[in-house]
Amino acid sequence: MSLEFKKRMDQLRFDGRVAVVTGAGGGLGKAYALLLASRGAKVVINDLGGGRDGSGKSTFADAVVQEIKSKGGIAVADYNSVVDGEKIIKTAIDNFGRIDILINNAGILRDKSFGKMTEQDWDLVHAVHLKGAFKTTQAAWEIFRKQKYGRVIMTSSNAGLFGNFGQANYSAAKMGLVGLANTLAIEGAKYNIKVNTIVPTAASRLTEDILPPEMFQAMKPDLIAPVVAYMVHESFPDSGIIIDSTLGYAAKTHLVRSNGNPLRTKPTDPVTIETVKEAWPQVVNMKNAYHLDKIAEVTVDLVEKLQDFEEQSRLDSEKEAYWSNYTYNSKDLVLYALGVGASVVNSTDLKFLYESHENFGALPTFFILPGMVMESPVVSKSMPPGKHADFTNILHGEQYIEFLGDFPGTDGEFTVRNYVVDILDKGSSAVAIVNSEIFQNKNLVFRTQQHVFVLGQGGFGGPRNSSKAVNVLPAPKRSPDAIVEQRTSEDQAALYRLSGDLNPLHIDPNVATAAGHSKPILHGLASLGFSTRHVLAKYGGNDSSNVKAIKARFAKPVLPGQTLVTEMWVEGSRVHFQTKIKETGNVVISGAYVDMKKIIKDDGATSTPNQESKLSSTMKSDGLFIKISEQVKANPAQAKSVGAVYLYNITENGKTVKQWTLDLKSGLVYEGQPKSGSKADTTMTVSDGDLIEIASGTLNPQTAYLKGKLKISGNLMLAQKLGPLLKSGSKI
Ligand SMILES: CCCCCCC[C@@H](O)CC(=O)SCCNC(=O)CCNC(=O)[C@H](O)C(C)(C)COP(=O)(O)OP(=O)(O)OC[C@H]1O[C@@H](n2cnc3c(N)ncnc32)[C@H](O)[C@@H]1OP(=O)(O)O
């Protein structure tokens, strides 16, 4: 290690380095020059003119040279115009034999409002700022390349980055310098030439009668000089970046762009002015904006987006999916909680009603709402020929929700995908099964399933049942473990509808009478909200994030003003419930359950269930081990959309005895090898005694395997298919 190098690194020094600073007669340039010289650099002090417009003879450069010399530094004056950049670089070579650092700082102003700006005003400003930087840098470039070392600074301005009245010429030149630096950073990379841009705001000859006096005083060039000096030091790590600095503060600026949006629904659709207008709010939505570092990333990003779009539209056309957005905030959560009977009278409800409560959050059933896309045409479009569905003939039949990731926060934005998975023929009526997938930042966070009962539209010869339905489960045949009773208000539906379901059936007496009801009926989801609240308070620790899944059937209509009686039975970590009307004895919610992460009784007692089902405990027998081969084309979050295939190998004494394949695209589990896809790439072995849980519900690829413990969760079909197999092979 040379002594000079060691010295340069101990304190950030420039011994042995030669720097050229243009416009160094005063202001920022002078501050840079003085600092570099004080740290050992030999400096060329370039300065052409005295006035702000570049006119007059320079005596400034001489003065700076004198000042440096008086302090024991080495400097030489140069009076050339930057337009003759090669002459300035020659001064460095002639005097010091080399050049390492070039700070393009010289500048002039010719401010005029655009209409009054002459071509000369334009050309002069461009000549000094942009062409000058080009000339000096190009003259130094070959030397930098040969010596495999160079540090270049371009000086831009916030007037360029953001625009400034009266500075069209200057702004354009200053933004031009950013572009110049961007490309030179790329071209110089392999020669260790680093080209960066400083955006300074300082008191200088350019700004002295523009800034207010007190601000002018505070904006000392000396506060920016160390930033630029570091940016030209050999230890500086970055190239091609923009640093904004003033008043002893520095920040990186870079361009970001929005996530963008396709301008058509399918790749085969045309792009029209109207589709552009429709997509515009998403095109300009900067919420998830991000930075791209290189032009290559811009291309890759675009290609990926188009591939995603094509893949998505392929899936959509298979499933006739309907996409929508859903945003909510704390006010929506409070309004919803009031709609499902939360009251300040119960202290335990306050966390759902008061946005400043320390545990404020959503009721779990709130998140059913994003999937209730009332304007979605998927049901009406999926009806068999001659059958129809609209608000006059539909009833909410069943509802399911399953949480997949972290419990959502108190405000947010979701993207929702709605599609019909089956239309069942129930004789006189039809049932449409609608799945909704709810994404946040492209991650599937929860899913819902609605059964929409379509009155009088059956008899078309369709299937009566569907393997894709999440089924209700009968309540245990014993007296309930807990009962909670609550009267709904006469205005319950009027209040609940404000959370988004404006179906007139719930408010308009004429519509209700025409549908055969004595008066407007309560929303099914309002009753479900009441009962789930009861279950959550009784057995869920009143903690919404404790809920994994909820399922219910709406068996009979509820009238506002009736009293709901929620009966509950605890089985493992599942709470079965049904809801009756006190006044009539009718069961209005049947076959319902809430799956909890753990049961927390309202007396505070926690029960860690002995792994839920009999199936689980059977499988916990000695000597059991299961090998799982995972086969995915993409990461689990994307697995669903690319139609991933999981291969489950069931092994006995090290030998594969059965294989089951789970095809996420079709949702099918079948025996044997996957029919397509790449070869298995990950193998996970579960040791003896590990927890094996098979719960009911729908598919949840993200939790299909977890942290060294096998957990096949949320896939009823898989549980049903694997369960008997595992039980029967008692040796495994
Ligand atoms: C995309 C977004 C769309 C959102 C739409 C929702 C918009 C909301 O504004 C609408 C509402 O909130 S409506 C209010 C809430 N819902 C209700 O009040 C419905 C109450 N249920 C009923 O009245 C009856 O169950 C009734 C009438 C539904 C069925 O009773 P019956 O005709 O007597 O049926 P039954 O003879 O008992 O059984 C026939 C077959 O149907 C199945 N089934 C019964 N009830 C069901 C239900 N609620 N959901 C789904 N399937 C149901 C039965 O299992 C039977 O099938 P199978 O013989 O194969 O077993």
Side-chain angles (χ1 to χ4, degrees), residues 320-322 324 326 339-340 365 368-383 389-400 416-438 448-459 462-466 469-474 488 492-493 496-508 511-512 515-531 551-560 562 564 578-579 581 584 586-592:
E320 287 291 336
Y322 180 84
S324 58
Y326 185 88
V340 298
T365 41
I368 294 170
L369 304 189
M372 297 294 294
V373 189
M374 307 309 280
E375 73 275 16
S376 166
V378 290
V379 174
S380 55
K381 276 172 67 180
S382 307
M383 292 303 286
D390 58 34
F391 271 128
T392 63
N393 65 359
I394 61 168
L395 282 173
H396 202 161
E398 292 182 9
Q399 183 64 49
Y400 176 72
V416 182
R417 177 152 165 253
N418 250 198
Y419 55 94
V420 168
V421 290
D422 252 329
I423 303 277
L424 307 183
D425 186 347
K426 294 289 187 186
S428 63
S429 296
V431 171
I433 303 177
V434 186
N435 275 6
S436 303
E437 285 153 4
I438 293 95
T448 66
Q449 187 178 79
Q450 293 111 42
H451 288 212
V452 182
F453 208 90
V454 194
L455 294 161
Q457 302 299 309
R464 196 166 184 107
N465 295 299
S466 168
V470 179
N471 293 318
V472 284
L473 296 173
T488 62
Q492 206 68 53
Y496 178 83
R497 67 194 293 276
L498 301 180
S499 286
D501 182 347
L502 301 179
N503 187 345
L505 181 66
H506 308 294
I507 187 85
D508 189 326
V511 173
H517 304 289
S518 58
K519 66 176 195 173
I521 64 171
L522 191 55
H523 303 71
L525 288 182
S527 320
L528 180 62
F530 271 76
S531 288
K551 172 72 192 180
R553 167 178 283 198
F554 305 113
K556 274 201 161 52
V558 177
L559 300 178
Q562 289 183 321
L564 299 170
Q578 71 173 12
T579 308
I581 296 296
T584 62
N586 286 338
V587 174
V588 289
I589 293 179
S590 63

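Order of appearance sets the numbers: ligands from 1, and atoms from 1 within every ligand.
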### Query
Are any of the heavy atoms in Leu522 under 4.0 Å away from ligand 1?
yes

### Task
Among all protein heavy atoms, pick the one closest to atom 45 (N) of ligand 1 and tell me residue, atom and distance.
Arg553 NH1, 3.7 Å

### Message
Heavy atom to atom 58 (O) of ligand 1, shortest distance: which of His517, Arg464, His506, Lys426 holds it?
### Response
Arg464

### Message
Whether the Gln450 and Tyr400 side chains hold a donor-acceptor pair (N or O, under 3.5 Å, no angle test) is what I'd like checked.
### Response
no

### Message
Using heavy atoms and a 4.0 Å limit, tell me yes or no: is Ser376 in contact with ligand 1?
### Response
no

### Query
What pairs with Ala389 under side chain to side chain contact (heavy atoms under 4.5 Å, CB included), at least two apart in sequence or on another chain?
Val379, Met383, Asn393, Ile394, Val454

### Query
So which of Leu559, Val454, Asp501 gets nearest to atom 9 (O) of ligand 1, if we judge by its closest heavy atom?
Asp501

### Query
Where does the angle between the aromatic ring planes of Tyr496 and His523 fall among parallel (under 30°), tilted (30 to 60°) and perpendicular (over 60°)?
tilted

### Message
Would Val434 count as a contact residue for ligand 1, given that I'm defining contact as a non-hydrogen atom of the residue lying under 4.0 Å from a ligand atom?
### Response
no

### Nearest-contact summary for atom 19 (C) of ligand 1 - protein heavy atom, Å
His396 O, 3.7 Å

### Query
With a 4.0 Å heavy-atom cut-off (strictly under), which part of Ala555 contacts ligand 1: side chain, backbone, both or neither?
backbone

### Summary
Test side-chain contact (heavy atoms from CB on, under 4.5 Å), reference Val588, set Lys556, Gln562, Gln578, Arg553, output is Lys556

